[in-house]
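Notes to accompany the following structure.
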2 protein chains.
Amino acid sequence: MTSDDVLFRPVQPVRAYQRVAEQIEERILSGDLPPGSRLPAERDLVTRFGVGRSTVREALRVLQSAGLIRSRPGDPLGAEVLGVSPDNLSQALGRLTRSRVASLGELVQFRMVLEAESNRLAARLHTAEDLARMQDEIDRMAALGPAELHAFSEADARFHQAVAEASGNSLLALCARAVHEAVVAVIEKRIAGAADAAAWMARSIEHHRAVLCAVRSGEAEAACRLGREALFAYYADLVEPEARRLLEASVEP
Amino acid sequence: MTSDDVLFRPVQPVRAYQRVAEQIEERILSGDLPPGSRLPAERDLVTRFGVGRSTVREALRVLQSAGLIRSRPGDPLGAEVLGVSPDNLSQALGRLTRSRVASLGELVQFRMVLEAESNRLAARLHTAEDLARMQDEIDRMAALGPAELHAFSEADARFHQAVAEASGNSLLALCARAVHEAVVAVIEKRIAGAADAAAWMARSIEHHRAVLCAVRSGEAEAACRLGREALFAYYADLVEPEARRLLEASVEP
DNA sequence: GCCAGTCGACTGGTCAGACCAGGTGAATTC
DNA sequence: GAATTCACCTGGTCTGACCAGTCGACTGGC
């Protein structure tokens, strides 16, 4: 009796650089090499692992492209351990959209899902500090003039970030941020050409106040619905026409 | 008047391997190098880019670790272009959980969000082929004995994959798969030690039938709720006790 | 004594050349 | 015609070298 119908699995050769990268990654993920600590110099690693320098360097490149370490030429302390960051996540999402595997419509719909759920959970699990952070960002947005669109958009991002973190799920928050970034990267130029920035900003502030109100009073479903509707209102006209149907399926009650 | 308060931004030197990697990545993402096509040999790239071989190799390592290409020693055709894959996504998610940035509870809750939304959208947008695929996988699961847990779990994954693809949002499907894989990677050993595999499998099939039924008849909210409840039922006892509160906030109506 | 400049010993980034094991396909042999 | 051999090319690895940049200790002048 075998729980699998394959007795032997095909085994692919493991490259030397891969084993080096795995060992170092294991040390980082296990917390043995905390963020801020330093790796030994490359020429040190060469003797420790018993491999050539190119092998060590390829391993370090892999770790660096995963955002786990950062190296700077001339640094006598060696490469710096960065720990796990969400940059890799947003990078992967960005690739998916740039390669047309995922369209802008799908990206926006995905953001609707994440933000709506963030709102719902935030309404149930928020703390007083969370509410204060959200209020702060709204105040900051309200204080900005129509020419400061970039700063406005950053405050907007921080507001949504605060909501996502209030949800208590850091994974949700990280993904929401990555998707937000990906959407902004795609759509930034289109939104900049919009006609009446002032009206758009006023409406946006209005919406954020409504969300905060729903979150504060614990109306989970209302907060959830508000998030969906707002994204639909902002982006429905910017996505591909055939993607509108997708978005409509998401907002329809 | 500047929309940014910084006139000059700090500029970090761009490494040679980075520019090489960017050029190749650009070609892949733009569709210029479709999946299945081949990159020139390394020694070719050396002359084309005018850099050393180690530089080319480090660039290829970065692309390979991002899942964009795959190289095999001795292949006279050169590295193979794989296109964008979700492997990178699930790898990043796995790192987040392994490094305790995200707990298992958060991972499961995130999966609840994605699957519930997949169910909801699938109920609204499914096609006849989608329904057939789901039915197929349920039949396959029902035909398996209690000893074939691994095959059962794979069919289960394919069922959820079919639902996610029926949602019409490929990004949602990719992320759902990545999260599913990450959950399985963490929890596989715990679930294998569960007492009555047969009862567990029967209950699982029952649940999948209920989801399919709701999707087929277009009951979006019911399908959504079923997804949440099922995940709660399966995993609530396996996550950290303090994470139960998170999950309860997700299922509570 | 203190500060500024110099210098040397590192660092990572890059290159060139070499060797190896493995795969391919054409030439060779039966 | 089929099986075998073999030259050639692939990616993987190692070595040794050089460069530019960084840092710290040393040394000069004030």
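Keep in mind it's a predicted model, so treat the numbers as computed, not measured. Throughout, protein chains are lettered first and strands after them, A, B, ... in sequence-line order, and every chain is numbered starting at 1.
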In whole Å, what is the span from the [atom1] atom of [X] to the [atom2] atom of [N]?
| X | N | atom1 | atom2 | value |
| --- | --- | --- | --- | --- |
| Glu58(A) | dT14(C) | CD | C1' | 13 Å |
| Arg72(A) | dG13(C) | CZ | P | 11 Å |
| Arg57(B) | dG13(C) | CZ | C1' | 16 Å |
| Arg38(A) | dT11(C) | CZ | C1' | 11 Å |
| Arg15(A) | dT13(D) | CZ | P | 6 Å |
| Glu42(B) | dG17(C) | CD | P | 17 Å |
| Tyr17(B) | dC15(C) | OH | C1' | 17 Å |
| Leu45(A) | dG13(C) | CG | P | 13 Å |

Evaluate the ring planes of His180(A) and His160(A), with Trp represented by its six-membered ring, and classify them as parallel (under 30°), tilted (30 to 60°) or perpendicular (over 60°).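 Tilted: the ring planes of His180(A) and His160(A) meet at 30° to 60°.
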N or O in side chain of Thr55(A) less than 4.0 angstrom from dG12(D) OP1/OP2: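 No, no such contact exists.
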With a 4.0 Å cut-off on heavy atoms, is Arg61(A) in touch with a base, just the backbone sugar-phosphate, or nothing at all?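 Sugar-phosphate, backbone atoms only, no base.
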Ignoring hydrogens and angles, state whether a donor on the side chain of [X] or [Y] is under 3.5 Å from an acceptor on the partner side chain.
| X | Y | result |
| --- | --- | --- |
| Gln135(B) | Asp139(B) | yes |
| Glu22(A) | Gln18(A) | no |
| Thr127(A) | Asp130(A) | yes |
| Ser54(A) | Ser54(B) | no |

Looking at the side chain of Pro76(B), which of dT24(C), dT14(C), dG11(D) is the nearest nucleotide?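 Taking heavy atoms from C-beta onward, the closest nucleotide is dT24(C).
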Nucleic acid contacts - residues 63-71 of chain B versus DNA chain C, non-hydrogen atoms under 4.0 Å: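 Going residue by residue through residues 63-71 of chain B, none turns out to have a heavy atom under 4.0 Å of DNA chain C.
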Test side-chain contact (heavy atoms from CB on, under 4.5 Å) applied to Arg57(A) and Tyr17(A), step by step: CA-CA 8 Å; Arg57(A) 283 184 58 76; Tyr17(A) 79 89; over 6 Å; no
Under the salt bridge (Lys or Arg N to Asp or Glu O under 4.0 Å) test, residues paired with [X] that sit two or more places apart:
| X | value |
| --- | --- |
| Glu181(A) | Arg177(A) |
| Glu137(B) | Arg140(B), Arg158(B) |
| Arg72(B) | Asp75(B) |

Salt bridge (Lys or Arg N to Asp or Glu O under 4.0 Å) between Glu25(A) and Arg95(B), intermediate numbers included: CA-CA 9 Å; Glu25(A) 177 173 345; Arg95(B) 266 199 276 261; 3.1 Å; yes
Do Val20(A) and Val62(A) have side chains that get closer than 4.5 Å, going by heavy atoms?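 In short, these two side chains do not touch, never coming nearer than 4.5 Å.
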Which pairs, protein N/O on one side and nucleotides 15-21 of chain D N/O on the other, fall under 3.5 Å?
from    : atom 1 : to       : atom 2 : distance (Å)
dA17(D) : N6     : Arg53(A) : NH1    : 3.2

Net bend of the helix from dG1(C)-dC30(D) to dC30(C)-dG1(D), end axes of five pairs each, nearest 10 degrees: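 Overall, the helix from dG1(C)-dC30(D) to dC30(C)-dG1(D) bends by 20° from one end axis to the other.
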